[in-house]
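Comments concern the structure below.
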Amino acid sequence: MPKQVDHEARRTQIAEALLRLASRGGLEAVSLRDVAAEAGISMGAVQHYFKSKEQMLLHAMDHVTKRAGERIVAALSQQGERPSARKIVRTVMLEMLALTDDSRMEFLTHLAFFMRALGSPELAAMYREWWPELERWLTGELRTAQESGELPPGLDPAREAEILLSIPDGLSVGLLLGHRTGEEAIATIDYHLDRLFGGHRS
């Protein structure tokens, strides 16, 4: 009897192989053959699921975005009952930092995809879809915090969401280049959140 193949698992295996290659050296020189070798499967198997490199990149970009989102949801769920707005924002920012093996690979992969997206309308469209969605979600959390008195009334939740989401990227560059420690990056995030939320640390 022919061996049954879990097609979703195989697509994930290919995406993960591409992410490892992207995080090590970018995407421009990566071929379907390189991904097949990294995944430990045949070239034909990769081509069975993805007819072109661009198609494979789109799937991998979607995969890494969902993977990061699932990690953030898991981190929030570990806090039990609905955490405060400050804890929610802090958790999201820390998970976006290049502190762990997973988050480092995701950050480097996003950089590689960003460079590729500059010349790829399809990848650029994906960025334009999921990043504003994340900003809208965070804006909603901040607006709720403002209505409950956790944030000063004069702040613009949408602008604050933009700022908050940009901070982990800048700090991650310093982490990867070695001129900033993880403790320093976390302290910078807490410093900004203290200014934003004032005494609301719970």
Side-chain angles (χ1 to χ4, degrees), residues 16 19-27 60-79 83-118 123-124 126-146 150-152 155-202:
E16 289 286 338
L19 300 186
R20 291 193 296 273
L21 291 171
S23 67
R24 293 201 294 261
L27 287 169
M61 183 70 230
D62 183 62
H63 172 71
V64 72
T65 301
K66 287 179 178 176
R67 194 178 81 161
E70 288 168 359
R71 196 179 64 253
I72 291 172
V73 170
L76 289 171
S77 67
Q78 291 174 2
Q79 300 187 26
S84 66
R86 188 187 191 282
K87 283 187 176 180
I88 291 174
V89 173
R90 186 177 191 271
T91 298
V92 171
M93 294 177 76
L94 292 186
E95 289 297 328
M96 291 175 68
L97 272 181
L99 286 173
T100 66
D101 289 342
D102 281 344
S103 57
R104 276 194 294 271
M105 184 174 79
E106 287 165 5
F107 179 73
L108 288 168
T109 300
H110 275 295
L111 287 181
F113 274 99
F114 170 74
M115 294 303 296
R116 176 81 181 189
L118 294 177
L123 281 175
M126 186 171 285
Y127 270 103
R128 288 195 298 271
E129 179 180 337
W130 69 263
W131 190 260
E133 185 177 330
L134 179 59
E135 285 187 353
R136 284 192 294 271
W137 172 79
L138 188 55
T139 297
E141 293 293 330
L142 295 178
R143 185 167 288 119
T144 298
Q146 195 173 49
E150 291 181 74
L151 283 177
L155 294 178
D156 182 337
R159 292 286 179 239
E160 294 299 336
E162 282 186 286
I163 294 169
L164 290 168
L165 290 175
S166 69
I167 290 173
D169 280 357
L171 293 175
S172 290
V173 171
L175 285 171
L176 293 172
L177 293 176
H179 67 78
R180 178 178 292 115
T181 67
E183 291 77 12
E184 289 170 340
I186 293 172
T188 297
I189 286 176
D190 284 333
Y191 174 80
H192 184 73
L193 292 179
D194 284 345
R195 291 202 303 171
L196 188 62
F197 286 91
H200 293 278
R201 271 187 168 267
S202 59

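Predicted model, so just to flag it, every value in this text is computed and none were measured.
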Residues which pass salt bridge (Lys or Arg N to Asp or Glu O under 4.0 Å) with [X], listed by chain and number, not counting sequence neighbours:
X	value
R67	E16, E106
D62	K66
R128	none

From [X] atom [atom1] to [Y] atom [atom2], the distance as rounded to the nearest 0.5 Å:
X	Y	atom1	atom2	answer
D156	L151	CG	CG	11.5 Å
I163	L155	CD1	CG	9.0 Å
L99	T181	CG	OG1	9.5 Å
M126	W131	CE	CH2	15.5 Å
I189	R90	CD1	CZ	7.5 Å

Residues that [X] engages under side-chain contact (heavy atoms from CB on, under 4.5 Å), provided they are two or more places apart:
X	value
T65	M61, H110, W130
A185	L97, L171, L175, R180
I72	L76, V92, E95
V173	F107, L177

Residue among L165, T188, L193, I88 satisfying side-chain contact (heavy atoms from CB on, under 4.5 Å) with M93: L193
At their closest point, which heavy atom of [X] faces which heavy atom of [Y], and how far apart are they?
X	Y	value
A112	A22	CB-O, 3.9 Å
A75	T91	CB-CG2, 3.7 Å
A98	S172	N-OG, 3.0 Å

With sequence neighbours excluded, what pairs up with [X] under the side-chain hydrogen bond (donor to acceptor under 3.5 Å, both in side chains) test?
X	answer
T139	none
E129	none
T100	S103

Listed once per pair and sorted, the salt bridge (charged side-chain N to carboxylate O under 4.0 Å, His left out) pairs that draw on residues 131-146, sequence neighbours left out: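 Applying salt bridge (charged side-chain N to carboxylate O under 4.0 Å, His left out) to every pair that reaches into residues 131-146, excluding sequence neighbours, yields R82-E141.
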Pairs meeting criterion side chain to side chain donor-acceptor pair (under 3.5 Å) with involvement of residues 158-169, two or more places apart: R159-E162
Contact check, side chains of L164 and L196, non-hydrogen atoms, under 4.5 Å: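 Yes, at least one pair of side-chain atoms sits under 4.5 Å.
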Flag if over 12 foreign heavy atoms under 6.0 Å of CE, M115: no
